[in-house]
Structure formats: C-alpha cells, structure tokens
There are 2 protein chains.
Amino acid sequence: MAREEPVVQRPREAIVEAAIALFGKRGFAGTTMRDIASEVGVLPGSLYAHINSKETLLDEIVELGIESFLAIEEAIPKSAPVVERLRAAIKAHVAVAAENPGRSLVVFHQWRFLTEPNLTRALNKRRRYQQIFVRLVDEGIADGTLARTLDSKIAVFALLGALNWVPEWYSPAGHFNPVEVGEKLADILLEGLLPPRSPAGKR
Amino acid sequence: MAREEPVVQRPREAIVEAAIALFGKRGFAGTTMRDIASEVGVLPGSLYAHINSKETLLDEIVELGIESFLAIEEAIPKSAPVVERLRAAIKAHVAVAAENPGRSLVVFHQWRFLTEPNLTRALNKRRRYQQIFVRLVDEGIADGTLARTLDSKIAVFALLGALNWVPEWYSPAGHFNPVEVGEKLADILLEGLLPPRSPAGKR
DNA sequence: CCTACCGATCGGTAGG
DNA sequence: CCTACCGATCGGTAGG
C-alpha cells in the first residue's frame with residue numbers, strides 16, 4: 001500500500017530516451033538542451049535537476065551503448081568453429097543495432113564530441129569491440145576456414161561497415177525482423193554476392 | 001604579361017576546402033563560421049564576401065560531392081557481364097571515397113542539415129546513386145550470375161555500408177592505395193570471407 | 001520542476 | 001577583407 005502507482009517512465013529515463021533520439025537524428029552539436037526539454041515536456045532549466053551536463057548525457061549514452069555491443073561476446077559459442085562464431089557475432093551485432101537504431105547511431109558517430117577523459121575511455125572500448133572481430137578473422141585465416149588471401153584489417157572494416165550501416169536503414173516496420181537481417185547479412189559477408197561455386201553443392 | 005602570378009588557391013576554394021575538412025570532422029552543426037574563418041586565416045565577417053550562408057556552403061559541398069559519386073557510372077563498362085560491372089562500380093566508388101575522405105563524410109552524414117528545397121534535391125541524387133547498385137544486383141540475380149537467394153535491397157545496403165565506411169578508416173599513409181583497397185573490397189563483397197569452395201579451383 | 005536570468009557564442013550585416 | 005556590431009540562441013545556474 002505504501003507503493004506508488006507505477007509511473008510510465010522515470011524522468012531521468014525520459015530525458016535519456018529523448019537525448020538518444022535527438023542525438024541520433026540531429027547529432028550532438030545539432031541538438032539543444034531546449035530540444036530535449038521540449039521533447040520531455042519540461043522547461044530547459046529543469047533538466048539539470050536530473051543530469052549534470054549535456055556532455056555527461058552523451059557520455060552515458062555512448063558508454064552504455066558500446067557496452068551493449070561488447071555484450072555480444074556472450075552470444076558467441078566458446079568452442080565452436082570460427083565461422084560459426086563469426087556468424088553468431090554478426091547476428092548478435094545486428095540484433096543490438098536493430099533493437100536500438102537511435103542509440104547505435106549515437107555510438108557510431110557522436111563519440112567525436114566527447115572530451116577527455118571520456119573520449120579516450122570510449123575509444124578504448126571501441127577498439128576492444130573491433131578486436132573481437134579482428135581476432136575471429138585472424139583465427140579463421142590461420143586455420144584455413146576463411147580465405148587465405150584476406151587482409152584481416154580490411155576484412156573487418158568491410159564487415160563492420162556493413163554492420164554499422166544497419167541503423168541507417170533498418171526499420172522495424174520493414175520486411176524483415178532483426179534475426180532475418182542478421183542471417184542475410186551473415187550470408188552475404190561470409191559467402192559473398194556470387195552464387196555458390198561448388199559443383200551442384202547443396203546450400 | 002597581363003596575367004597574374006598563379007596564386008596558391010583562390011579564396012573561395014580555400015573556404016570550401018576548410019569547410020569540407022571541418023564539416024567532415026566535427027559535423028555541420030559542430031562547426032562555426034569562426035572555425036572556418038580562422039582555418040582560412042581571415043576574420044569571420046570576411047567569409048561573406050565569398051559565400052552567401054553557412055547552408056549554401058554545405059549544399060554546394062554535398063551536391064557536388066554526390067555528383068562525383070554519380071560520375072562512377074562512366075567507369076562502368078557498358079556491355080560487360082554484371083559481375084564485371086559491379087566490380088568496376090565498387091572500385092570506382094572506393095577511388096572517389098579514398099581520394100576525398102573528408103568530402104565523402106560530409107556527403108554521407110551531413111546532408112541531414114540541409115533544409116528544403118536543397119534536402120529533397122540531395123536525397124533524390126542519393127536515391128539515383130543507390131539505384132545504380134540496385135539495378136546491377138537485380139540484373140545479376142535475374143541472370144544467375146549473383147546468388148539467387150539474395151534480397152537485393154539488403155545486399156545493396158551491405159555493399160554500400162562497407163563502401164561508405166571507407167572514409168572513416170582509409171588513410172593515404174596506410175598500407176594500401178585506393179585501387180588496392182577497391183580490389184580487396186570487391187573481392188570480399190563478391191566472394192565473401194570464406195575460402196573458395198570450388199574443388200582445386202584456380203583463383 | 002518553474003521563474004528568471006547570465007555570460008558566451010552564434011550566423012550574419014553595414015559601411016568602408 | 002576589416003571594423004564594429006546586431007539580435008538570437010546557447011548551456012547552464014540561483015533560488016525557490
């Protein structure tokens with residue numbers, strides 16, 4: 001009985017959600033605290049009862065956002081073949097990106113507006129994330145389950161480029177759900193656009 | 001004798017070059033006219049002797065930038081097989097993106113800050129550009145030279161994602177020149193990361 | 001969470 | 001291209 005009615009959203013969450021959407025659409029520098037306030041439905045000064053500054057708001061979004069991508073490691077089966085692990089990583093990445101396209105756009109592009117020491121911290125997490133894919137590709141090249149002719153850096157850039165583009169076009173209202181998109185992207189990246197070259201091979 | 005000494009750069013060009021670099025690095029909203037002026041070495045008000053407004057500056061950069069991508073059509077051999085045309089398109093795109101990474105970043109991300117009617121005009125050109133790739137992929141699926149199982153929209157998004165990511169990482173000081181990067185990306189996108197599956201096939 | 005406000009900075013201009 | 005400036009808007013704060 002002492003419990004309150006459950007509110008739809010706590011004010012701080014509403015601010016963060018509005019900031020994610022606006023930073024994603026208009027960028028950090030293109031969004032004003034007044035934009036955020038009017039989206040939330042309060043006056044600009046009132047925001048500062050819940051947050052410290054515009055940049056700490058960005059930092060929180062970017063940092064937690066990258067961490068939600070780093071969490072894909074848990075979706076990678078530990079002792080499966082490289083190709084299977086890579087496929088799982090791609091699908092998990094697409095799931096995160098498609099589940100929250102706005103936040104992903106902020107993670108991929110707005111980190112530039114962080115200042116030190118937040119910038120370095122974010123860049124380090126970003127590097128750790130890339131390393132997940134670099135290690136997988138290197139391992140696959142070494143054991144022959146990926147093409148020997150690959151340059152692993154360029155391969156990872158191609159891979160992450162295709163994956164990081166997802167929030168620019170994915171719509172939950174579209175033909176495919178995130179799982180289907182992940183599978184199709186994994187197929188394209190692993191097998192390429194060309195048809196199967198194996199003689200009468202099943203696929 | 002009436003000819004002037006050739007100046008290093010005409011003032012308007014210097015302004016546009018500075019704007020490209022700054023819009024690319026810090027975004028349109030994150031760049032001030034004062035930033036551009038100090039990069040060029042004049043006082044802020046002096047810029048307006050050469051340009052009309054911040055937005056017309058952006059519009060010129062975006063519009064001419066997209067047109068330099070549309071010009072890749074001339075690099076596509078008219079009656080070659082689809083796969084060969086697609087490979088030529090990829091290589092030409094990478095050449096444009098790597099030759100001018102700053103401008104490409106503006107083209108890919110800063111068009112959002114255009115207002116009407118510039119925005120619609122830019123979006124139309126962008127759509128025309130995507131259509132080049134959509135038509136190639138559709139044709140390849142239809143004639144069986146690309147995988148029958150492809151969804152052409154997702155395939156093009158994957159393709160353009162990998163290509164549009166190039167200006168984020170390409171450095172002229174790196175291991176590869178633009179031509180090599182184009183070839184490697186074309187290989188990865190067409191043939192995938194997996195090794196060739198044809199039995200003892202030459203490659 | 002609002003009222004009322006601050007100093008700094010913004011894009012842009014008039015006149016030379 | 002500079003001097004000198006404008007009104008608007010910015011992120012943020014004091015005090016309630």
Side-chain angles (χ1 to χ4, degrees), chain A residues 4-62 106 110-119, chain B residues 4-62 106 110-119:
Chain A
E4 308 272 351
E5 296 285 355
V7 283
V8 182
Q9 209 175 19
R10 293 158 70 197
R12 193 166 199 290
E13 285 170 20
I15 293 170
V16 173
E17 287 306 309
I20 287 173
L22 288 164
F23 289 170
K25 246 187 302 216
R26 304 287 302 166
F28 177 74
T31 300
T32 69
M33 297 307 281
R34 283 159 176 83
D35 294 335
I36 296 172
S38 88
E39 182 79 14
V40 173
V42 298
L43 292 183
S46 305
L47 296 175
Y48 293 88
H50 306 283
I51 58 152
N52 292 328
S53 72
K54 194 186 180 190
E55 186 180 337
T56 60
L57 193 51
L58 175 65
D59 185 52
E60 175 178 326
I61 295 166
V62 169
V106 179
Q110 304 305 315
W111 56 266
R112 290 166 215 269
F113 293 98
L114 293 174
T115 57
E116 298 300 351
N118 296 335
L119 179 60
Chain B
E4 308 275 348
E5 296 284 356
V7 283
V8 182
Q9 209 174 21
R10 293 160 68 198
R12 193 167 201 291
E13 285 169 19
I15 293 169
V16 173
E17 288 305 310
I20 288 173
L22 288 164
F23 289 170
K25 245 185 303 215
R26 305 286 304 166
F28 176 73
T31 300
T32 69
M33 297 307 281
R34 283 159 175 83
D35 293 336
I36 296 172
S38 87
E39 182 78 14
V40 173
V42 297
L43 293 182
S46 304
L47 296 174
Y48 294 89
H50 303 99
I51 58 151
N52 292 327
S53 71
K54 192 185 180 190
E55 185 180 337
T56 60
L57 192 52
L58 175 66
D59 185 52
E60 175 178 325
I61 295 166
V62 169
V106 179
Q110 304 306 316
W111 56 265
R112 290 165 216 266
F113 293 98
L114 292 174
T115 57
E116 297 300 351
N118 297 334
L119 178 60

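These numbers were taken from a predicted model, which means no experiment stands behind them. Order of the sequence lines fixes the chain letters, A, B, ..., with proteins taken first and strands second; residue numbering starts at 1 for each chain.
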Undergrad: List the residues meeting salt bridge (Lys or Arg N to Asp or Glu O under 4.0 Å) with A:R12, not counting sequence neighbours, and say none if there are none.
TA: A:E60
Undergrad: Identify the 5'-most and 3'-most nucleotides of DNA chain D with at least one atom closer than 4.0 Å to a non-hydrogen atom of chain B.
TA: D:dC1 to D:dT3
Undergrad: Could you measure the distance from the CD1 atom of B:I61 to the CD atom of B:E17? Nearest 0.5 Å is fine.
TA: 8.5 Å
Undergrad: For A:R26, give me all partners under side chain to side chain donor-acceptor pair (under 3.5 Å), at least two apart in sequence or on another chain.
TA: none
Undergrad: Nearest 0.5 angstrom please: A:E13 CD to A:I20 CD1, how far?
TA: 10.5 Å
Undergrad: Residues two or more places apart in sequence or in another chain: which of them pass side chain to side chain donor-acceptor pair (under 3.5 Å) with A:D59?
TA: none
Undergrad: Only counting residues at least two apart or in another chain, list the ones meeting side chain to side chain contact (heavy atoms under 4.5 Å, CB included) with B:E55.
TA: B:S53, B:L114, B:T115, B:N118
Undergrad: To the closest 0.5 Å, what do you measure between CG (A:L22) and CD1 (A:I36)?
TA: 6.0 Å
Undergrad: At a heavy-atom distance below 4.0 Å, what parts of residues 15-38 of chain A sit against DNA chain C?
TA: none
Undergrad: Got a second to check how far A:D35's CG is from A:K25's NZ, nearest 0.5 Å?
TA: 10.5 Å
Undergrad: For DNA chain C, determine which residues of residues 42-49 of chain B have any heavy atom closer than 4.0 angstrom to one of its atoms, and list them numerically.
TA: B:G45, B:Y48
Undergrad: Among residues 50-57 of chain B, which residues get a heavy atom nearer than 4.0 Å to DNA chain C?
TA: B:S53, B:K54
Undergrad: Name all residues meeting the side chain to side chain contact (heavy atoms under 4.5 Å, CB included) criterion together with A:S46; count only those two or more places apart in sequence or in a different chain, and write none if there are none.
TA: A:V42, A:L43
Undergrad: Can you name the salt bridge (Lys or Arg N to Asp or Glu O under 4.0 Å) partners of A:R34, sequence neighbours left out?
TA: none
Undergrad: Got a second to check how far A:E39's CD is from A:T31's OG1, nearest 0.5 Å?
TA: 10.5 Å
Undergrad: Minimum heavy-atom separation for B:A19 to B:L57, with atom names?
TA: CB-CD2, 3.7 Å
Undergrad: If you look at every heavy atom in A:G27 and A:Q110, which pair is closest and at what distance?
TA: CA-OE1, 3.5 Å
Undergrad: Enter the distance from A:I15:CD1 to A:H50:NE2 here, rounded to the nearest 0.5 Å.
TA: 5.0 Å
Undergrad: Could you name each residue pair satisfying ring pair (Phe, Tyr, Trp, His ring centres under 6.0 Å) that touches residues 16-35 of chain A, not counting sequence neighbours?
TA: A:F23-A:F28, A:F28-A:F113
Undergrad: According to the Watson-Crick and G-U wobble definition with distances under 3.5 Å, which dot-bracket string, read 5' to 3', encodes DNA chain D, using [ ] for crossing pairs and | for pairs with another strand?
TA: ||||||||||||||||
